[in-house]
Every structure is written in C-alpha cells, then in structure tokens.
Amino acid sequence: MDSPREEPSAPAEMPVSGPSSQHITPGTEEEANPQSDRAGTSQKRSTKGKEPLKRKSTSLKEKSKKKKRSSVRRAPRPSYTVQHGEDMLLIISNINQFDSVWKPKRRGSRRKKTKTKIAPVNRRRNPTRPRLSKVTEEASVNVDHAESADWGHSLPVEVLVKIFELAVLQDGAIPFLCRVGRVCRLWNSAASSPSLWRSVSIGYCWIEPGKSQLPGTEQKIRNTINWLAQNRFSQLRDFTLSHWKKHVDYVVQVVAESCANLQSLKLSYCVGVTKEAFQNLGTACPSLESINVQHTEFRDDGLISFLETNGNKLKRLFLTRNSKSEKLLSVLCRGCCPELRLLEINTKLDSGYCPLPICIQALQVGCPKLQIFRLMNVSPIPKMIRNTPSSTPGFPLLEELCIASSAHSLLTDLDLLNVLHGSPQLRVLDLRGCSRVTAMGLHSLPCEELECLYWGLYFNSNVMVASNKGIHMLTQKWSSTLRELDLTNQPFTEEDMEIAMGHLAHSPGADAFRSLNVSGTKITSSALRLLVAPATALSYLNLSSCRYLPRGLKRVYRGQEDIQQLLDKL
C-alpha cells in the first residue's frame, strides 16, 4: 500500500531539477526525455510560427507608411491656369484631348502596385548607391522644395530690374510695380528702382462712378500722391493723368515740384485744370517739351500764358477743337513756339462736320520747324490775318500731314497746295474724307518720296467725288517709294486700276510694298494678280465689297501666308 503513494512524488521532482541534477538514474532519464523533447519541439514550432508573423506585420506597416507618404508627396498637376485680366480673374483650362491628368488608382489594383513598385530591384541595379533612412529622404525632399521655391529670392537685383522693365513696357508702372513690391524685400528693392518709374500713368479708380468722395478718401488720395512723388518719381520723365474730376491741380503741383526732369505731361479727360497748375509747370519744370490736354477742361488763359512765357522750349502740343482753339492757334501764329515739331488738333468721331479757321501762312511763319501736322476729324477753313505775307517758305521739314475725317471735307487742291508747296520731305499723307481733292492735284505736289497715301472715303453719303480717273499717274510718280495705299470707295475705273497696279508691280520697290486697301473699288482679279505676285512683303490686303471680284475672295487678308493662298486661287 505504500508503493503507490510514493510513485507520484518522483515525477513531480524531476522537472524541477535544473542543470545540476546529474545524479538522475537512467530509468528516470529515459522516461523524462520524451516529454522534454516533445515540449522542446512544440516550443520551437511555436516560436517558428510566431517570428514570421511578427515580421510580416512590421513589413506591412512599413509598406503602408511608405505608400501613404508617397501618395502625400506626389501632388497632382493642376488642370487650370489663373490669369489676371483687367477687371477679373481668368481661369483657363490646361486639359486637351491628348493630355493625361494624374488620377488616384482604384482599390482593386493592389497586385499591380506590388509588381510595379519594387524597391530592392533598383538597389540591386545600383549597388553603389547609399541607402538613406526615412529622415534623410524627407530632409532632402524638403531642401529640394525650398530651393525650387526660393528661386525668386536668390536672383540678382539687376536681373529682376531687367525683368520688371520688360513688364513695365507692356503693362505700365502702376499698378504692376506696386503689387510686385509686396512679395518680399528683394522684389521691393528691385521695384523701387528709379529707372522703372520714368513713365507713369495713373487712372481714376478711387470711387465708384456717380458717387461722391468722403473726406477720408480725399486725404488718402493726397497721401498716396505725396508718397509716390517723394519715393518713386525722382527720375520721372512722362506723366499721364486720366479721367480725374478732382485734385487735378494738386497732383500737377506735387508732380511739378518733385520732378524737375519732367519732359511730357498728358491730362486726358480731366476736369478743373486752373491757371495755377500751368504756372507751377512753367516755374518748376524747365525741361518740359510736350503737353497733351486733349478732351480736358482747362482755363484757356492759363495755357496761353504758359505758351507765351515758356513756349520757346515746347516741341509737342496736343489740343482738342473747341471754342478756345482759335486763341491758341493765334498764339502759335505769333511765334511763341518756334521749336514746335508736332501739332495735333482732334475731336470725337461722332462730332460731324467741325470747321476750324486756320491761317496757314501765319502758322508756317510761326512754326517753321513743324514736322508732323495732324487735324483729326477737323476741316480746316482758310483764314487771313493782317500783316501776314502772301508767299511763305511753307513747312520745309514737314514729314507727315493728316487731314483725315469720317465726314465730308471741303479741302480742295488749292488748299492742299498752300500747305505742302514747300514740303519736299513729306513721307505720310492722310486725306481720308477729302472728296474734293483730285488726282491731278496730288500729282502736282512737290513731294517726290511719298511712302504712305491714305485717300479712302469712309462716310455714307451721296456726295459727288471730284476725281474718278488718274490714279495711275500717282502710282507711276511714287511707284519706287510707295509702301502703303488706301483707296477705299474711290470710283476709279477697272482699266485705270489695272494700269495703276501694273506700275506698282513693275517698280523697283515692289518687293517692299506691304499694305493695300481697295475695299469698295472696281479692281479686277487680273489687276490683283499683277501686284500680288511680285509684292513679297505684302501683309495686309482688303478686298471687301469689291464687285468685280468672284465670290469667296471679297474679304480681308492678313499675313503673307493668307495672301499666298489668294494668289493660288487667282
């Protein structure tokens, strides 16, 4: 009965023995080894099964992290471009039918991801490439982005000034330079370069149309003009003020006091220019050479006093035909502006018939160095002044004469000869609307090197035209020098037009002829074929409303390729 009680105690003590239990009997050792072996194998199997599970879990986490980071780093290409217009932002699409925009992949394409993205293969191909950790990779990516984003901050100031200069030539100094000066300190220093502020034009944009200004707005306007004059206008040469109804005197005074090198002043559609403004210009701007007050309300006594005291330095004068024009012309005829090179008097297109009395002989004596004389939509009427010589040397330096009008003009051959009898250097002659001028009158002019002749009739009326033949005499006289010709709605015959085109085609200057407008004339396809073939520089051809041409050809042609296609059809 005692042996069964003692048997369970021995197996219980055997597993407890450690490495020092060397006195175990062989029988007990053989009985204990199978259990230990089974336990060991089971433990090995369990460990073998657990280790790869841990490795797979860590690798999946790493792959998921890499995928998430790669998807965050890769930004899709924008499918639009934002451009600044005059009054709005223009959103322009960049997607064409041949473009491929990046899109995120679908959920069911995991196998394709593992097949396409195999990092170890690239490392085996480049075994010398050092393996970077995730921290160093992220740091290098951030450095690349920082370098690409800081390109504008590392450019030399001279390069930025040159870039801004090109933009200013296209868009003007204001508001472009004011906006780029807010980008950073480098751009601000480049935008404040005095060489970029030599020509400035300021429009009126402080309030909405029809609303009155508040006192705070008026003070803000004055502070802005003062700051610009003190910090930007040190080298100002040309200044333009447009559509200002108030503060015109204040702006002109500030600019005159701060800009001693001012050469040109333009006041367009402004109101309220007083006599004090012109007095400030005369005392503070000794280099002023050009004044433009077209479509501007001003005191006539102020401009007259300025011309009488400082007109000897004036070279360009732009006026609008009104009740004060005769007084200003009388000042010019008295010789107050002997250095005047350009004189332009215009009016609006819808003004109709606008006569302007002018004494051409007195003007030729008072402005002997005149080179450009323009009367836009104004019909000159001969006027006589006492003590004026009947015969004058004319305008010996005149190169351009424009007496163009959208309405009917009363200019005759004798009036034209009185203006141009002493102008052998004339290059441009614009007589649009002058229906009383004949081809014989033009042929008798002393101008031998005329380059541009504009003689179109653009008014819709039943006015009789004085000249219906003789165009071939003009093309024969100026065949070697003529570059542009406008004969819109002139009633010349088809034979006369064909002879005229033949003179232009066989002249030595045919390869330099560049513009022809024969809209509404009786030109034929044979006459066109004579001129278009040798005129290799022809880039503008107007054949609209030509009744003697076949259908499909009566349109405007622009560019040499378009005109070459017309030649193939002819």
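Numbers here are sequence positions counted from 1.
Remark: Glu400 does not engage Arg427 in a salt bridge, criterion side-chain N to carboxylate O under 4.0 Å. Salt bridge Glu289/Lys313: absent, no basic N to carboxylate O contact under 4.0 Å. Between Glu308 and Arg334 there is a salt bridge, since a side-chain N of the basic residue sits under 4.0 Å from a carboxylate O of the acidic one. Using a cutoff of 4.0 Å between basic side-chain nitrogens and carboxylate oxygens, Asp496 and Lys469 are not scored as salt-bridged. A salt bridge links Arg341 with Glu339: at least one charged nitrogen is closer than 4.0 Å to a carboxylate oxygen.
Contact between Gln294 and Phe318 at its shortest, heavy atoms only, is NE2-CB, 3.6 Å. Nearest heavy-atom pair, Phe233 versus Cys259, reported as atom, atom and distance to 0.1 Å: O-SG, 3.4 Å. Contact detail for Thr347 and Thr320: the closest heavy-atom pair is CA-CG2, 4.4 Å. Shown here for Arg198 and Leu236, the closest heavy-atom pair between the two residues is O-CD1, 3.7 Å.
In Lys266, the NZ atom is not crowded: 12 or fewer heavy atoms of neighbouring residues, nucleotides or ligands sit closer than 6.0 Å. Sparse packing is recorded around CD of Glu297, with 12 or fewer heavy atoms of other residues, nucleotides or ligands lying under 6.0 Å away. The environment of His506 atom NE2 is sparse: at most 12 non-hydrogen atoms of other residues, nucleotides or ligands sit within 6.0 angstrom.
Geometrically, Arg555 engages Tyr557 in a cation-pi contact defined by less than 6.0 Å to the ring centre and at most 45° from the axis.
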Full working for side-chain contact (heavy atoms from CB on, under 4.5 Å) between Met376 and Cys402: CA-CA 7 Å; Met376 309 293 293; Cys402 176; 3.3 Å; yes
Leu516 and Val532: CA distance, side-chain angles, deciding distance, side-chain contact (heavy atoms from CB on, under 4.5 Å) verdict: CA-CA 10 Å; Leu516 177 63; Val532 173; over 6 Å; no
Evaluation steps, side-chain contact (heavy atoms from CB on, under 4.5 Å), between Ser406 and Tyr458: CA-CA 6 Å; Ser406 59; Tyr458 290 91; 5.6 Å; no
Evaluation steps, side-chain contact (heavy atoms from CB on, under 4.5 Å), between Leu319 and Val293: CA-CA 6 Å; Leu319 304 173; Val293 288; 3.8 Å; yes
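Side-chain contact between Ile471 and Met473 is absent, with no heavy-atom pair separated by less than 4.5 Å. Residues Leu328 and Asp300 fail the side-chain proximity criterion, which asks for heavy atoms closer than 4.5 Å.
Aromatic ring orientation, His295 versus Tyr269: parallel (interplanar angle below 30°, classes split at 30° and 60°).
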